[in-house]
Number of protein chains: 2
Amino acid sequence: MSVHDARALPPTLADVAERAGVSRQTVSNAINNPDLLRPETLERVQDAIQVLGYLPNRAARHLRTRASHLIGLRMLPAQEFTANATMDRFVHALVEASREAGYHLLLFSGGPGKEETTAADLVRGYDDLLRSTAVDAFIVTDTYLGNPQTRWLSERRAPFVAFGRPWEDPDATHPWVDVDGAAGVALATGHLIERGHERIAWVGWAESSFIGQDRRAGWERAMAGAGRSIDGLAVGVADTVAAGREASAALLEEVRPSAIVCGSDTLAVGVLHTLADRGLHPGRDVAVVGFDDSQVAQVVPGGLTSVRQPLEQVALELVRALEALLAREPYDAAGTLLVPTLAVRGSSG
Amino acid sequence: MSVHDARALPPTLADVAERAGVSRQTVSNAINNPDLLRPETLERVQDAIQVLGYLPNRAARHLRTRASHLIGLRMLPAQEFTANATMDRFVHALVEASREAGYHLLLFSGGPGKEETTAADLVRGYDDLLRSTAVDAFIVTDTYLGNPQTRWLSERRAPFVAFGRPWEDPDATHPWVDVDGAAGVALATGHLIERGHERIAWVGWAESSFIGQDRRAGWERAMAGAGRSIDGLAVGVADTVAAGREASAALLEEVRPSAIVCGSDTLAVGVLHTLADRGLHPGRDVAVVGFDDSQVAQVVPGGLTSVRQPLEQVALELVRALEALLAREPYDAAGTLLVPTLAVRGSSG
DNA sequence: CTGAAAGCGCTAACAT
DNA sequence: ATGTTAGCGCTTTCAG
């Protein structure tokens with residue numbers, strides 16, 4: 001690979017054609033339909049491509065084929081710490097997954113500013129990219145916020161796939177991939193039951209979010225499956241460290257659970273604080289499990305056992321769905337539900 | 001904003017021109033050189049644009065103007081936790097900053113795989129995007145790895161700006177923005193000195209990285225400025241929690257510092273582990289300061305005081321430099337050094 | 001199997 | 001101040 005001055009214009013099809021002694025379309029065919037060429041010609045063209053370091057001009061190709069090979073992903077402003085970390089891990093996974101499919105990720109941000117957030121503003125970023133034909137499709141991540149994006153994109157018949165179930169709209173027909181939160185929490189709860197815990201409490205979100213309900217359902221299911229009562233063992237609060245701390249303090253006073261399953265690592269960290277306050281040892285005195293396997297779970301003393309979302313797999317499935325969608329191939333499953341794993345660490349014994 | 005079927009082709013210049021009763025060029029001028037139009041005509045054209053929901057086709061514009069308005073950013077695979085979190089915060093900031101300048105971020109990933117990492121592989125992503133004219137410029141973040149990117153891009157005369165000083169090549173002429181790690185650590189150390197600490201130890205990286213040396217220099221400078229000896233108070237280890245834990249345990253045995261400044265939050269977490277092991281209270285018995293203001297620093301019980309990089313400002317400066325570069329405007333300063341702040345929490349008293 | 005012609009949507013350069 | 005012409009680099013007809 002020779003060092004080629006980037007200010008000089010890159011070689012074009014015509015340059016390659018001239019060097020190989022063929023016409024431009026033959027070069028085009030060599031790239032897009034190599035089977036059409038006689039092997040001998042093909043090799044000659046490929047040599048020329050190699051020597052010149054030719055790569056098709058994306059703008060020209062995009063203009064002609066109406067395919068940018070770009071996927072739009074909206075980055076929300078920094079949020080609650082656990083949610084953000086998950087998103088960031090997801091972006092990494094997505095970059096890899098889309099690369100293998102020949103796509104690049106185009107990042108854009110929310111509305112025009114924090115001040116006004118009308119319905120139109122909420123979809124502005126999507127709308128602009130769509131109308132300027134900047135991306136081939138979107139990957140939508142914030143389906144749970146109850147915002148109008150998915151519906152708007154559907155109505156507009158814009159190609160997109162979602163990370164997250166269409167909770168509020170069971171009739172939605174777009175492809176989606178989600179992680180089975182209930183299964184993850186059931187896994188965590190089962191793990192604690194196996195370890196002999198009887199009174200396993202739940203500290204989750206107060207907001208009646210679908211995700212929160214889903215995760216809690218996993219705890220209930222596992223408890224019921226083991227014939228355990230859940231009376232007074234559940235509490236719902238805001239998703240903050242302070243709330244987790246207070247809620248767990250009250251639980252320890254009142255129902256004295258031997259283990260606590262949390263709806264998020266944020267809440268679990270709050271529980272760990274409470275244990276520290278009282279000189280209790282996580283895992284020995286009270287077992288604790290979080291959700292999301294954040295960095296905090298990994299470095300906290302002794303480690304925090306946590307449910308880990310298979311984001312790499314989510315990314316892979318999403319890109320696969322997107323490819324099918326853009327190729328107008330029949331898409332067999334509307335939605336895919338992936339099962340998380342449990343990262344077991346000291347806090348569960 | 002009417003809901004427009006995205007499968008139908010978006011309106012073009014010609015559509016707007018027809019509706020406004022002008023030529024295509026006039027519409028183009030209305031968008032790019034509105035001053036050339038008579039106010040009356042301009043308004044008519046703008047109305048038509050509004051009604052049709054017209055936005056210029058990016059591929060066509062890109063092809064014609066040779067400007068994609070895309071900035072390439074390479075995402076490295078997940079790394080040590082602190083470094084990753086910083087990168088992710090930076091990406092968020094960059095999305096915002098570039099939006100305001102009319103740019104979007106194009107994410108791409110490292111080499112073709114983990115197996116082979118030849119020199120050519122290391123720049124493959126950059127090379128491909130450059131040759132296919134996919135991006136206008138790059139923002140390079142991993143200048144400290146000693147990899148050939150910056151030099152390669154320079155030789156190739158590809159437009160780029162760097163987050164990070166050209167440590168190894170003082171003759172480099174590309175624009176860069178960096179955070180003054182030494183100043184940050186000096187700030188932290190000064191903070192501890194103010195609080196009356198005499199024996200302030202340093203736990204940093206063993207690897208002779210420039211960044212590590214820079215940060216350590218800040219500690220040395222502050223200590224010297226206050227007339228404190230640093231004899232036996234510095235230790236360099238790998239950037240892991242375990243290493244920070246062991247190093248601090250040894251320090252506490254041998255030189256009994258009253259405060260410990262760390263080269264990273266990772267190391268600081270290790271120090272916190274050691275304190276917990278010995279029943280010591282961070283901030284009361286031994287003060288601890290980290291670097292990077294990671295999420296862990298924020299949620300650890302009592303909180304971890306930490307040096308915070310002004311990444312939002314870094315992003316802003318980088319985009320500003322990039323705009324100047326692409327406009328071939330004179331760039332006054334080759335490099336900009338920004339000063340971090342200190343997020344004070346319980347661990348420093 | 002290869003080549004010639006047309007055109008994707010836009011803007012730069014030149015007419016008027 | 002507005003219109004006309006040409007062409008950015010590519011692929012998709014359609015002929016040979």
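Naming: A, B, ... by sequence-line order, numbering from 1 per chain. All values below were derived from every heavy atom in this structure, side-chain atoms included, with hydrogens, water molecules and symmetry-related copies excluded. Everything numeric in this text was worked out from a predicted model, so none of it was measured.
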Quiz prompt | C/dG9 OP1/OP2 closer than 4.0 Å to side-chain N/O of B/Arg61 | solution = no
Exercise. Can you pull out how bent the helix from C/dC1-D/dG16 to C/dT16-D/dA1 is, comparing the axes over its first five and last five pairs, to 10°?
Key: 40°
Quiz item: Quick one: A/Arg64 CZ to D/dG9 C1', roughly how many Å, whole number?
Solution: 11 Å
Quiz item: Which of residues 34-44 of chain A sit near DNA chain C, with a heavy atom under 4.0 Å from it?
Solution: A/Leu36, A/Leu37, A/Arg38, A/Thr41
Quiz item: So what does A/Thr12 touch, heavy atoms closer than 4.0 Å: a base, only the sugar-phosphate, or nothing?
Solution: sugar-phosphate
Quiz item: Roughly how many Å is it from NE2 in A/His62 to P in C/dG9, rounded to a whole number?
Solution: 11 Å
Exercise. Using whole Å, report how far CG of A/Asn33 lies from C1' of D/dT12.
Key: 11 Å
Quiz item: Is it true that B/Arg320 and B/Glu323 have a side-chain N and a carboxylate O under 4.0 angstrom from each other?
Solution: no
Quiz item: Is a side-chain N or O of A/Asn29 found less than 3.5 angstrom from the main chain of A/Leu36, in a donor-acceptor match?
Solution: no
Quiz item: Is any side-chain N of the basic residue among B/Arg156 and B/Asp127 closer than 4.0 Å to the acidic one's carboxylate O?
Solution: yes
Quiz item: Side chains of B/Arg61 and B/Asn32: donor-acceptor distance under 3.5 Å anywhere?
Solution: yes
Exercise. Indicate, with a heavy-atom threshold strictly under 4.0 Å, whether A/Arg66 touches base, sugar-phosphate, or nothing.
Key: sugar-phosphate
Quiz prompt | Between C/dC10 (P) and B/Asn29 (CG): distance, integer Å | solution = 14 Å
Exercise. Please check if atom CZ in B/Arg44 has more than 12 non-hydrogen atoms from other residues, nucleotides or ligands closer than 6.0 Å.
Key: yes
Quiz item: Is the phosphate of C/dT11, meaning OP1 or OP2, less than 4.0 Å from a side-chain N or O of B/Asn32?
Solution: yes
Quiz item: Given that B/Leu63 and A/Ser23 both sit by DNA chain C, which one's nearest nucleotide is further toward the 5' end?
Solution: A/Ser23
Practice problem: Would you please indicate yes or no on a ring centroid separation below 6.0 angstrom for B/Tyr126 and B/Phe108? | Solution: yes
Exercise. Could you pull out the closest heavy-atom pair between B/Ala158 and B/Leu130, with the gap in Å?
Key: CB-CD2, 3.5 Å
Practice problem: Would you indicate, yes or no, if D/dC10 has its OP1 or OP2 atom less than 4.0 angstrom from a side-chain nitrogen or oxygen of A/Ser28? | Solution: no
Practice problem: Could you tell me the separation between the CZ atom of B/Arg24 and the P atom of D/dT4, rounded to a whole number of Å? | Solution: 10 Å
Practice problem: Report the distance from atom CZ of A/Arg58 to atom C1' of D/dC8, rounded to the nearest whole Å. | Solution: 17 Å
Quiz item: Distance-only, no hydrogens or angles: does the A/His104 side chain make a donor-acceptor pair with backbone N or O of B/Ala134 under 3.5 Å?
Solution: no
Exercise. Measure the distance from CG on B/Asp15 to P on C/dC8 and round it to the nearest whole Å.
Key: 11 Å
Quiz prompt | A/Ser132-B/Arg58 side chain donor-acceptor pair, cut-off 3.5 Å | solution = no
Exercise. Count the heavy atoms belonging to other residues, nucleotides or ligands that lie under 6.0 Å from CD of B/Glu312, then report whether that count exceeds 12.
Key: yes
Exercise. Measure from the side-chain heavy atoms of A/Gln25 and tell me the nearest of C/dT11, C/dA4, D/dG9.
Key: C/dA4
Exercise. Quick one: label B/Thr65 by what it contacts on the DNA or RNA (base, sugar-phosphate, nothing), any heavy atom closer than 4.0 Å.
Key: sugar-phosphate
Quiz item: 5'-most contact on DNA chain D: A/Ala59 or B/Thr26, nearest heavy atom basis?
Solution: B/Thr26
Practice problem: Rounded to the nearest angstrom, tell me the gap between atom OH in A/Tyr54 and atom C1' in D/dC10. | Solution: 7 Å
